Amino acid sequence: NMDEYDWISAVGIISDYDTSSSKDVLDEALKKYDLETFHKIAAMIESAKATKALSCEQMVEIVNNAKDPDQILENSDMKEAYQKIENEIAGLLIDAQANMEKIGNVWLYKMKSKFNIRSTISTKLSEKYPEKFLVVYESMDRRIGIATRNQARKINCNKAVRYAVRILKASGGGHEA
């Protein structure tokens with residue numbers, strides 16, 4: 001019976017951020033578990049990935065062997081990685097408030113972290129400032145990694161980055177929101 005594993009689908013749906021195309025699956029899982037559980041497990045998986053506390057294979061094994069969400073929430077390696085990343089995020093959000101460069105509706109934040117969490121930081125900032133075009137960037141060797149967001153969807157982030165890449169004669173990727 002696959003219904004007992006609908007919580008795993010719900011975690012995936014939540015981690016993808018846009019729940020509109022899978023609302024029926026999420027609604028079924030929410031009859032048994034609360035939304036915060038799915039958010040926390042998604043964050044724990046992302047944290048274990050960012051800290052490299054666990055390999056992707058190890059995370060799949062943990063999820064695959066879990067009988068219910070609580071077994072993941074209680075996993076010591078996942079909990080430790082989650083706390084490490086939560087602390088890092090909290091510090092970076094405070095730093096962003098103090099050091100973000102604001103040029104009209106374009107807000108830029110140069111972050112420094114030993115973890116690859118630009119996407120998480122840009123999402124959290126954009127949730128707080130949905131009307132702004134947020135650019136979170138970080139120097140990485142001879143490259144710059146960026147994550148852009150505009151929750152109000154008034155600016156097409158993908159087009160903006162592609163334009164900037166073309167103007168700067170640089171290279172880059174991205175995806176539609």
Side-chain angles (χ1 to χ4, degrees), residues 9-27 30 34-53 56 59 78 81-177:
S9 298
V11 169
I13 293 165
I14 291 298
S15 68
D16 191 40
Y17 203 76
D18 181 7
T19 62
S20 60
S21 63
S22 306
K23 192 154 176 31
D24 57 331
V25 176
L26 185 59
D27 287 344
L30 286 170
D34 66 298
L35 187 60
E36 186 51 39
T37 296
F38 303 139
H39 277 286
K40 185 159 186 185
I41 292 172
M44 289 174 83
I45 291 169
E46 193 58 38
S47 296
K49 181 181 162 201
T51 60
K52 298 180 178 157
C56 290
M59 287 184 273
M78 300 281 271
Y82 173 77
Q83 198 53 58
K84 197 177 280 189
I85 293 298
E86 286 300 301
N87 291 342
E88 182 78 358
I89 289 169
L92 288 169
L93 292 175
I94 290 168
D95 184 62
Q97 295 293 351
N99 297 305
M100 226 175 332
E101 187 177 348
K102 300 170 183 173
I103 307 165
N105 277 336
V106 178
W107 290 13
L108 302 120
Y109 173 54
K110 182 176 184 180
M111 66 171 260
K112 285 185 181 178
S113 176
K114 62 183 174 181
F115 305 115
N116 182 3
I117 55 175
R118 281 183 310 279
S119 181
T120 301
I121 297 299
S122 65
T123 297
K124 290 194 177 292
L125 289 170
S126 70
E127 287 170 346
K128 190 168 184 174
Y129 307 106
E131 298 295 320
K132 305 302 178 193
F133 177 54
L134 287 147
V135 180
V136 175
Y137 65 101
E138 186 173 27
S139 297
M140 306 172 343
D141 296 323
R142 296 173 30 137
R143 301 176 325 156
I144 295 176
I146 67 169
T148 60
R149 298 285 186 279
N150 175 247
Q151 293 300 335
R153 297 184 182 254
K154 291 181 178 175
I155 296 170
N156 182 322
C157 296
N158 193 30
K159 275 187 178 174
V161 171
R162 288 184 188 277
Y163 177 76
V165 163
R166 194 171 67 242
I167 296 298
L168 296 170
K169 294 182 173 65
S171 64
H175 58 87
E176 294 293 331

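Keep in mind that what you see is a predicted model, and the values were worked out from it rather than measured.
- Taking the side chain to side chain contact (heavy atoms under 4.5 Å, CB included) definition, one finds that Ala43 meets it with Tyr82, sequence neighbours left out.
- Ala152 pairs by the side chain to side chain contact (heavy atoms under 4.5 Å, CB included) definition with Glu131, Asn150, Lys154, not counting sequence neighbours.
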- Task: For the pair Leu92 and Ile117, evaluate side-chain contact (heavy atoms from CB on, under 4.5 Å) and give the outcome as yes or no after the intermediate values.
- Result: CA-CA 10 Å; Leu92 288 169; Ile117 55 175; 3.7 Å; yes
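- The side chain to side chain donor-acceptor pair (under 3.5 Å) test applied to Glu86 returns no partner, not counting sequence neighbours.
- A distance of 14.0 Å separates NZ in Lys159 from OG1 in Thr148, rounded to the nearest 0.5 Å.
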- Task: Evaluate the criterion side-chain contact (heavy atoms from CB on, under 4.5 Å) for residue pair Arg149 and Phe133; output intermediate values, then yes/no.
- Result: CA-CA 6 Å; Arg149 298 285 186 279; Phe133 177 54; over 6 Å; no
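- Here the side chains of Phe115 and Lys52 are not in contact, with every heavy-atom distance at 4.5 Å or above.
- Evaluation of the side chain to side chain donor-acceptor pair (under 3.5 Å) test over residues 89-109, restricted to residues two or more places apart or in two chains, returns Asp95-Asn99, Asp95-Tyr109, Gln97-Tyr129, Asn105-Lys132.
- Rounded to the nearest 0.5 angstrom, Gln151 CD and Ser122 OG are separated by 8.5 Å.
- For the atom pair CD1 of Ile14 and CD of Glu36, the computed distance is 10.0 Å after rounding to the nearest 0.5 Å.
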- Task: Take Leu108 and Met100, measure what side-chain contact (heavy atoms from CB on, under 4.5 Å) needs, and give me the verdict at the end.
- Result: CA-CA 6 Å; Leu108 302 120; Met100 226 175 332; 5.9 Å; no
Donor-acceptor list for residues 134-143 side chains, cut-off 3.5 Å, not counting sequence neighbours:
residue, atom, partner, partner atom, Å
Glu138, OE1, Arg118, NH1, 3.0
Glu138, OE2, Ser113, N, 3.0

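- Under the salt bridge (charged side-chain N to carboxylate O under 4.0 Å, His left out) criterion, Lys128 pairs with no residue at all, not counting sequence neighbours.
- Looking at residues two or more places apart in sequence or on another chain, you find no side chain to side chain donor-acceptor pair (under 3.5 Å) involving Asp24.
- The shortest heavy-atom contact between Ala53 and Ala81 is CB-CB, 4.1 Å.
- Annotation: the span from Thr123 atom OG1 to Glu127 atom CD amounts to 6.5 Å, rounded to 0.5 Å.
- Under the rule for a side chain to side chain contact (heavy atoms under 4.5 Å, CB included), the partners of Ala10 that lie at least two apart in sequence or sit in another chain are Leu26, Ala29, Phe38.
- Residues satisfying the salt bridge (charged side-chain N to carboxylate O under 4.0 Å, His left out) criterion with Asp34, sequence neighbours excluded, are absent altogether.
- By the side chain to side chain donor-acceptor pair (under 3.5 Å) test, Thr120 is found to be paired with no residue, residues two or more places apart in sequence or in another chain being considered.
- To the nearest 0.5 Å, the span separating CE on Met111 from CD1 on Ile89 amounts to 9.0 Å.
- Glu88 contributes atom CD, which lies 11.0 Å from atom OG of Ser47 (distance to the nearest 0.5 angstrom).
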